[in-house]
Amino acid sequence: MTSQTIRARFAPSPTGYLHVGGARSALFNYLFCRRNNGKFILRIEDTDIDRNIVGAEQKILDDLRWLGIDCDEGPGVDGAFGPYFQSQRRDTYDAACQKLLASGDAYYAFDTNEELDVLRKQAEAAKTGFKYPRPDPLPTAADADRARAEGRPVVVRFKVPDEAITIHDEILGDVTFAAGELDDFVIVKSNGWPTYHFAVVVDDTHMEITHVLRAQEHLGNTPKHVFIQRALGVPTPKYAHLPLVFNIDGTKMSKRDKHKAVRQGVKDAIKQNNMTDAQVVELTGASSDAVERWLKKKADAELSMDQVAKLAAAAGVTIPEIDVHDFRVSGYLPEALLNFIVLIGWSPGGDREKLTRDEMIELFSLDRINKTAGRFDREKLLAMNLDWCSAAPTERLVEAFKDWATLNDSHMAALDDATLGRVLDSCRGFRTLPDVVAKAGILFESDDAVVFDEKAVAKVLAKNDGAGFAMLESLLPQLESLEPWTAEAIEGFVKNICESTGSKMGDVAQPIRVAVAGRPVSPAIGDTLVFLGRDKTLNRIRRCLQQR
RNA sequence: GCCCCCAUCGUCUAGUGGCCUAGGACACCGGCUUUUCAUGCCGGCGACAGGGGUUCGAGUCCCCUUGGGGGUGCCA
């Protein structure tokens, strides 16, 4: 190791938002570095030019920032090892490739995808594993030029040594792969760009990465990387393969789950005649062919997320949160998400569970990482979010709520901080930020926006020959003159009514609540009326009386 | 097919050979509190996958079986 300092990295590819699994990898790397005074590096792996999505890296950066995971080197944070985009490091890969070609550790190959497909199918039919047949003798540079001239694709393959290899993993221990298991894999594609396996090794070397913490799905790739390192004559970093993160049903958590959930919901709706194929076509504005393919053949790409969202709304399906951004939009606190995620595959030991980022840093160690894959339990996340919301000071809640409200174009984004703080405090006990809107949002809409819930009206107002309505009627003039218009005064007023009429709080508060909110749910009655103000309160009660 | 990894309540986990008649949290069930909805509080249900070893002693070590997962791409 040329550097004594621990250096670890998170290396996402810019193909969309940051996935929670990726966020967990980023977090572990981050914690490991912070704990050990190391450097945390962010590198964008954009060697697959066709799959890159414009602006995706910015979204990933935003999500990491939202979570509070900051890097020491990376896009926008200069370091001595940049650039931090693989697309800007092409010459490095080319040089490394030339070196391997020159030493005979890599060679040119000219097979078309079709030819390879045929070989793979044959192998499958024969129930044997596919291994790329290494040509003998190996093609020369001249052969490569000739192939290129013929219009054949030219790639570079790594000549895998015929020897067993043992990987020492910091979490899993020694893992041995027998000789002859690997075949000669591609390191440079026909478009000249390196594959992941090659770029990752070259970059980790140049960036002097000392520790590679990555998902366990990469364990089987590690021999490839170590063989390349040996051929290049460079050191091997320490590896730590993190347990995977699954859905609650044990399937792999993926972006496809969103399509899957909505597809199922739409299918059910059609089956129950709540929806027709024609409606699906109309809703999405897509061609009926595209819709059919999406519906039947699981061709996710046929519909955009926007179109899928429309279908979800129509079919009454909730799209599952998969990306960090989804959880942000759903109204989770980043500190809760972070706390939840860190406990999948790691624990500080004992009964400790609730951890701030700083506590995680203090407690983090590689040897407490589990080997077992964990499931992403949304119920537990919800409970954890409630805990964090309950414990959060009002200012923090205001800040988080504004972020959420702005992101969701909520009408409550317009409220001033002081009001917002009081509203948030009056709703304490909520699980996610939108719960606050569900409970108190109506108080900040126009009076005509109040829709009276039939059941609530029947139960609270109309029952007993309209006892509730009568109550409201008698309350109205007193409310007109009540002074001062504060939560305490209003609560006191309601209590007085109870005492003088011998009724329970609910008998008085509920009719008022339904009158002003249309539903039997709102903050405490005093708070509810204060948020509304006297004029709107009276107006809404009068409007309600017309429902009689 | 082949290679690799994994295995404690439904879920996340504590447990690193005796402290384990296996602890906590979420969920679930029951009760209490409460002006609504939520909260909050109390209690309950509930696991070492199976079989062999090793050991005075195994959830903890070894082997097999079973089960789950990952890889086997000119994706990362």
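Just so it is clear: chains get the letters A, B, ... in the order the sequence lines come, proteins before strands, and each one is counted from 1.
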At under 4.0 Å between heavy atoms, what does [X] touch on the DNA or RNA strands: base, sugar-phosphate, or nothing?
{"X": "A/Phe376", "answer": "nothing"}
{"X": "A/Asp111", "answer": "base"}
{"X": "A/Arg120", "answer": "sugar-phosphate"}
{"X": "A/Ser522", "answer": "base"}

Check for me whether the distance between the ring centres of A/His218 and A/His241 falls short of 6.0 Å.
no
Ring center gap for A/Tyr196 and A/Tyr93 short of 6.0 angstrom
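They do not qualify: ring centres at least 6.0 Å apart.
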Of the listed nucleotides ([options]), which one gets closest to any side-chain atom of [X]?
{"X": "A/Arg431", "options": "B/A76, B/U35, B/U39", "answer": "B/U39"}
{"X": "A/Leu386", "options": "B/G40, B/C4, B/C75", "answer": "B/G40"}
{"X": "A/Leu244", "options": "B/G69, B/C74, B/A76", "answer": "B/G69"}
{"X": "A/Arg51", "options": "B/G71, B/C74, B/G73", "answer": "B/G73"}
{"X": "A/Lys380", "options": "B/C12, B/C4, B/A76", "answer": "B/C12"}

In whole angstrom, give me the gap between the [atom1] atoms of [N] and [M].
{"N": "B/U54", "M": "B/C61", "atom1": "C1'", "answer": "8 Å"}
{"N": "B/G1", "M": "B/G18", "atom1": "P", "answer": "41 Å"}
{"N": "B/U60", "M": "B/U16", "atom1": "P", "answer": "12 Å"}
{"N": "B/G51", "M": "B/C9", "atom1": "P", "answer": "16 Å"}

Can you tell me the distance, in whole Å, between the CG atom of A/Asp183 and the P atom of B/U72?
10 Å
Would you say A/Arg368 reaches B/G15's phosphate, i.e. side-chain N/O to OP1/OP2 under 4.0 Å?
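Yes, such a contact exists.
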Is there, by distance only and without an angle test, a donor paired with an acceptor across the side chain of [X] and the base of [N] below 3.5 Å?
{"X": "A/Lys371", "N": "B/C5", "value": "no"}
{"X": "A/Arg519", "N": "B/U36", "value": "no"}
{"X": "A/Thr128", "N": "B/C2", "value": "no"}

Does the distance from a Lys or Arg side-chain N to an Asp or Glu carboxylate O, for A/Arg43 and A/Asp204, drop under 4.0 Å?
yes
Would you call A/Asp453 and A/Arg519 a salt bridge, using N to O less than 4.0 angstrom?
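Salt bridge between A/Asp453 and A/Arg519, a charged N being under 4.0 Å from a carboxylate O: no.
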